[in-house]
Amino acid sequence: MTDVARLAGRPVIIGGGLAGLMTALELAPEPVVLLSAAPLGSDASSAIAQGGLAAAMGDDDSPELHLADTLAAGDGLCDEAIVRSIVEAAPRAIDRLAALGVAFDRDAGGTLQLGLEAAHARRRIVHAAGAATGRELMRALVAAVRNTASISVVEGFAARRLLVENGVIAGVLAAGGTGSMALATGRVVLATGGVGALFRDTTNPLGCFGQGLALAARAGAAFADLEFVQFHPTALDGVLRPMRLVSEAVRGEGAVLIDETGRRFLAELPGAELATRDAVARGVHRHLARGHRVFLDARACLGAGFADRFPTIAGYCNDAGINPAREPIPVRPAAHYHMGGVAVDREGRSTVPGLWACGEVASSGLHGANRLASNSLTEAVVVAGWVARSVAASADTHHVANALPPVPVRPDPAFACDIVSSSLGVLRDGESLREAVAALLPIASGNSPAADPAAVALMMAVSALGREESRGAHSRSDFPLRSAAARRSRITLDAAQQAAASLDFLPIARSA
């Protein structure tokens, strides 16, 4: 095992997506280590983000309107103070990105072009290259990081464990193709993305299976709202994984959902195709479950102009043998974004001293039970600045550990994926969740490659089982109503294991 002495004491940022890159840039000129399992930006959800960043930039818009839309989508579980702070900071975040070299789409006069997405009352989606916003963000920010001398980039190494001594962060164990290393530090920022690849149908890169949550869980951190997973209703239906996203912005331009008979089956839903994502995803899921196929039809609203407005999506369609100008696009829901995550305060601090989290791996209180479209990239940029200031103001208290534990084996999500896909999908029920908990507990408690993903899945399943209501993206067929009282959930890995062990599994055995 290699102890990288020259990097000792520097903050370590784990993750090379938008949140990680922005945190590193905002910490400059303080020396930091940016640890990324893949080449920067190449395996991050940020890189394939299509819609853009939500910010009240239009003359007819305001942070108050953005706040109201976010709270409505969050279905009672947003932290209003956090939401207000983020939406008020959003326009400055756009300016900051532009200063870093992000080329947003503008009209001939240089004014930002603003898109419309579901549940937004105004056009406020700032985008780049049509629907290739993530790619442009990564291009500009990776270049900025590589040109910043204070950022030491370590690529090809995945964090496997956080070192904790006396309840405080002491370092990071990482492994790569050339061996392993120990980074001694008392300041770690998790920016590892979400859990989408724990589902068979997902738009996330296949490396996003909750590895950051597992790191935090083994370190003893608390989590919030892990049961809330957003399913994007319009992923391109096919065999390719991850599934290609057909951006909500296409529906914002007037595309409608139809079935194989041409019927617009969600026309009676309040908001129709531009209702909140959870409502549209449930509608599509139910229609598919009845034996129908579902298509997104942009022929009337975009027609021959589809490729000009959405060149990336047109390319995905063409690769699948579909001409969206002349035929509807087959779609189905796919796991897209995790509203839950590491429980953090306003500065991004977790419950473990020395551990921060930002981006999708964190639960800041912005999204509540159902993320408003395009708020996530905005959150990553804004909160990265908060985290950077907090980290910079914190003294490093690390010391080199006398004895280092063995580096855990490379995690394998396959076992957890089978269970999560069948029990934690768009519609859930208590019996399947109990079965999931029973299957996950012994694996999560072991040391096999399946253990860490199973631990994350176990916490999600226990949280979902405990929420006996339907709210936002969490929908229980056995508890279809929304509780009068809104409550956020909190859990730790120890608490999840104890709850799982105390469950009476006999009804499952009798019903088998």
Side-chain angles (χ1 to χ4, degrees), residues 12-25 33-50 131-146 151-160 172 174-178 180-181 188-216 229 232 235-236 240-245 312 315-316 319 334-338 341 357-362 376-377 380-381 384 408-414 416-417 420 449 452-453 456:
V12 175
I13 300 164
I14 304 173
L18 178 60
L21 296 175
M22 282 302 301
T23 303
L25 288 166
V33 178
L34 183 58
L35 185 68
S36 179
L40 288 187
S42 65
D43 199 29
S45 294
S46 308
I48 53 177
Q50 292 184 0
T133 306
R135 187 173 64 200
E136 170 59 15
L137 286 170
M138 290 299 97
R139 180 204 64 76
L141 297 187
V142 168
V145 163
R146 295 202 187 281
I151 303 173
S152 296
V153 178
V154 179
E155 294 166 291
F157 278 81
R160 295 282 172 80
V172 179
T178 59
S180 57
M181 68 170 67
V188 172
V189 179
L190 290 176
T192 51
V195 300
L198 287 179
F199 295 81
R200 282 191 292 271
D201 290 347
T202 181
T203 63
N204 289 186
L206 300 186
C208 292
F209 51 81
Q211 60 274 42
L213 298 182
L215 290 171
V229 178
H232 199 290
L236 182 60
L240 190 64
R241 295 295 181 276
M243 299 173 76
R244 301 304 192 189
L245 184 66
T312 302
Y316 294 158
D319 290 345
H336 183 58
Y337 189 86
H338 196 196
C358 67
E360 191 172 353
V361 73
S376 52
L377 295 180
V381 177
V409 295
R410 182 178 182 178
D412 181 354
C417 183
V420 169
D452 279 357
V456 173

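Across every non-hydrogen atom of D452 and A214, the tightest pair is CB-CB, 3.8 Å. Taking each heavy atom of A335 and V229 in turn, the nearest pair found is CB-CG1, 4.4 Å. Residues G210 and V456 come closest through the heavy atom pair O-CG2, 3.5 Å. In terms of heavy atoms, P39 sits closest to E155 at CA-OE2, 3.3 Å. The minimum heavy-atom distance linking A44 with G17 is given by the pair CB-CA, 3.6 Å. Here the shortest heavy-atom pairing between L377 and A49 reads CD1-CB, 3.8 Å.
Atom CZ in F199 sits 7.5 Å away from atom NE2 in H338 (nearest 0.5 Å). Distance check: L21 CG to M138 CE gives 5.0 Å after rounding to the nearest 0.5 Å. Rounded to the nearest 0.5 Å, atoms CG (D319) and CZ (R244) are 7.5 Å apart. Here the NE2 atom belonging to H336 is positioned 12.5 Å from the CE atom belonging to M243, to the nearest 0.5 angstrom. With values rounded to the nearest 0.5 angstrom, L198 atom CG is found 11.0 Å from L206 atom CG. If you take CZ on F157 and CD1 on I14, they are separated by 14.0 Å, rounding to the nearest 0.5 Å.
Residue-environment remark: CZ (R139) exceeds the threshold of 12 foreign heavy atoms within 6.0 Å. Annotation for R146: atom CZ counts as buried by contact number, over 12 foreign heavy atoms lying within 6.0 Å.
Under a 3.5 Å cut-off, the side chain of R160 and the backbone N or O of P408 do form a donor-acceptor pair. With S45 contributing its side chain and N204 its backbone, the two residues share no donor-acceptor pair below 3.5 Å. Although no hydrogens or angles enter the test, the distance criterion places a donor-acceptor pair under 3.5 Å between the side chain of R241 and the main chain of R200.
Between M22 and L141, some side-chain heavy-atom pair lies under the 4.5 Å cut-off. Within the 4.5 Å cutoff, no side-chain heavy atoms of L34 are placed close to those of T23.
None of V361, I13, L213 except one satisfies the side-chain contact (heavy atoms from CB on, under 4.5 Å) rule with T192; the exception is V361.
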